[in-house]
Amino acid sequence: MTPDHVDISALKNHEGQSVTLRGWLYNKRSSKGLHFLVMRDGTGLSQCVVNQGEVDESSWQAAESATQESSIELKGLVRADEKQVGGYEVQVTEMNLIHQAEEYPITPKEHGVDFLMNHRHLWLRSRRQWAILRIRNSVIMSIHNFFQERGFLQMDAPILTGTAVEGTSTLFEMEYFGRSAYLTQSGQLHGEAMAMAFGKIYTFGPTFRAEKSKTRRHLTEFWMIEPEMAFYDLEMTMQLAEEMLSRIVSDALANCQAELEVLDRDLEPLKRSLSDYPRVSYDEAVEILHSEKTRKMVEDKIESLKSEATALTTESAEGKATYGQAKKWQKRKIDVREGEIQRRQSEIEEELRNLPKWLKSAQEFEWGNDFGGSDETLITWHYDRPIIVHRFPHGFKAFYMKRDPEDDRLALGMDVLAPEGYGEIVGGGERADDLGFLQDQVKKHGLPEEAFKWYFDLRRYGSVQHAGYGLGLERTVTWICGIHHLRETIPFARTLDRLYP
RNA sequence: UCCUCGGUAGCUCAGUGGUAGAGCAUUCGGCUGUUAACCGAAAUGUCGUAGGUUCAAAUCCUACCCGGGGAGCCA
């Protein structure tokens with residue numbers, strides 16, 4: 001091993017120099033006397049060319065026998081080449097095979113989700129996962145920097161708790177020295193205690209929900225960031241959430257260009273999400289659901305999906321017509337495209353089945369109900385950036401929410417809904433600060449008063465106006481990446497029926 | 001828990017009652033600038049499991065198992 005090796009991401013600083021790279025073989029293309037090795041080292045990809053005429057026999061043999069994901073070490077001359085991945089190419093002068101990989105299960109071809117999830121420990125090495133998880137890192141750093149720069153202290157809430165916070169969600173129960181304990185579903189109540197001690201804090205940790213949700217927006221174990229601030233009202237909290245999300249987006253755009261490029265992310269919606277998030281009251285949101293404009297939007301969407309489906313059918317028929325005379329590589333292209341067409345068509349079919357139901361549920365929406373997933377989606381269609389919905393009927397909100405002094409039917413809650421159909425990424429609001437009210441609410445929600453004794457103390461000793469919210473890390477990363485499913489945004493996803501690997 | 005789609009080679013899939021298929025991966029051969037490289041050849045199967053219908057089942061029926069998507073609930 002040489003101590004002077006260079007990261008692929010740093011090749012730009014070594015143009016014209018000889019460097020040593022260490023990593024794994026990502027892909028190999030060969031012709032007589034020549035191997036094109038695409039190497040990865042975690043920081044990036046680089047094509048390394050081994051020319052039989054320019055290396056010794058042992059280096060040539062190493063290149064000959066290296067299989068996909070074999071670990072390798074090589075030395076070579078760095079040269080700029082616009083056409084190559086990463087913009088640089090390495091002309092190899094020496095190569096050493098560290099470990100010859102067995103036949104690698106993940107080939108440079110398509111794979112199904114189940115197979116990839118079963119090989120998650122290896123799937124992490126793929127380029128798309130590289131991009132997504134590096135963006136996750138960027139989002140995490142943005143959050144820490146944002147809060148630290150504003151004087152927030154990072155504090156940890158306990159993961160093991162004795163009771164449910166909101167009483168609604170299902171908790172993971174475990175045996176705890178002869179009694180029951182639960183994995184936390186929110187650090188908020190403890191966050192409030194820490195805010196009363198330190199002013200402004202945020203927790204950053206794992207959260208567990210035993211809900212039997214099998215959707216692209218749910219994990220049983222996910223990471224939540226929960227700021228909690230003394231002397232904050234609802235408006236200040238909405239402003240804070242907007243500035244935080246804006247910071248996350250702006251950092252990702254600045255620092256993750258290559259990653260977003262790999263994901264083929266449309267940057268325009270992100271650029272629009274840098275400021276001016278509309279504030280939409282629950283009342284206004286209900287009006288939107290009932291509006292003629294929403295009806296028109298859904299009908300237009302149905303029309304455009306129908307014409308897209310027709311176009312795809314035509315394209316598929318053309319593909320089949322030319323298939324007979326096509327060359328082998330053309331056939332393969334047609335096959336790949338046909339697969340895409342079929343997937344898109346089944347998506348369209350599902351949307352066409354759903355949209356009339358969505359419209360019906362929106363038009364019949366009754367004041368006082370909580371928004372369903374489809375209602376949220378329809379509301380966000382009216383805007384081109386994240387929106388903040390606020391002041392909900394208290395009926396479906398948590399017991400600790402403060403009532404709106406101007407309308408007792410409402411709670412001072414707020415949700416941030418991400419655009420492009422990504423939905424709720426933040427939920428929070430102003431907390432009730434009156435002891436009597438809170439005790440009353442705990443009773444009304446049928447919660448065990450004993451468990452909340454310490455929480456009531458926060459309203460006994462210097463109670464102040466305060467507020468906070470929870471940000472779902474994986475949902476946020478999913479939105480920034482513009483990907484379909486949040487299971488790719490965490491290294492090892494835990495879902496309803498997946499604990500492996 | 002409910003609705004819906006699926007399970008065929010290591011992987012992705014085609015095959016709707018009559019001898020089990022293609023591409024990729026693997027192995028071998030060819031090619032000195034490839035970009036999911038290409039060209040040629042070889043090898044690869046408990047058709048999810050159990051039962052049933054039939055001269056004959058991957059294909060039809062029943063039950064079960066596993067997975068995807070969605071609903072409810074939520075970040």
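The chains referred to below are lettered A, B, ... by the order of the sequence lines, with proteins before strands, and numbering in each begins at 1.
Remark: U12(B) base-pairs with A22(B); criterion is Watson-Crick or G-U wobble with both hydrogen-bond distances under 3.5 Å. Summarising the base pairing, A50(B) is matched to U62(B) through a Watson-Crick or G-U wobble pair whose two defining distances lie under 3.5 Å. Judged by Watson-Crick or G-U wobble contacts below 3.5 Å, the nucleotide G67(B) has C5(B) as its partner. For C38(B), the paired nucleotide is G30(B), the pair qualifying as Watson-Crick or G-U wobble because both relevant distances are below 3.5 Å.
Look at the P atom in both C2(B) and C64(B): the space between them is 11 Å, to the nearest Å. Straight-line distance between the C1' atoms of U54(B) and C24(B): roughly 38 Å, to the nearest whole Å. Annotation: C5(B) and C38(B) have their P atoms spaced 37 Å apart (nearest Å). A gap of 13 Å separates the C1' atoms of U53(B) and U59(B), to the nearest Å.
Thr207(A) comes within contact range of no nucleotide atom at all, as no heavy-atom separation falls under 4.0 Å. Nucleic acid contact for Glu474(A): none, since no nucleic acid atom lies under 4.0 Å from a heavy atom of the residue. Nucleic acid contact class of Val426(A) (heavy atoms, under 4.0 Å, all strands): sugar-phosphate only. In this structure, Glu226(A) reaches neither bases nor backbone, as no heavy-atom distance under 4.0 Å exists between it and the strands shown. Within 4.0 Å of Asn354(A), counting heavy atoms only, lies no atom of the nucleic acid at all. Within the 4.0 angstrom heavy-atom criterion, base atoms lie near Glu89(A). When heavy atoms are screened at a 4.0 angstrom cut-off, Arg216(A) is found touching the sugar-phosphate backbone but no base atom. Note on His119(A): nothing from the nucleic acid sits closer than 4.0 angstrom, heavy atoms only.
Note that CD of Glu228(A) is 4.0 Å distant from CZ of Arg431(A), once rounded to the nearest 0.5 Å.
Taking only distance into account, the side chain of Glu103(A) never meets the base of U27(B) through a donor-acceptor pair shorter than 3.5 Å.
Where Ser31(A) and Gly472(A) meet RNA chain B, the nucleotide closest to each residue was compared, and Ser31(A) sits on the side nearer the 5' end. Mapping Asp370(A) and Arg498(A) onto RNA chain B by nearest heavy atom places Arg498(A) at the nucleotide closer to the 5' end.
Side chains of Leu412(A) and Met401(A) form no contact here, defined as non-hydrogen atoms less than 4.5 Å apart.
Stacking here means ring centres nearer than 5.5 Å and ring planes tilted less than 30 degrees, and by that measure Phe222(A) stacks onto A75(B).
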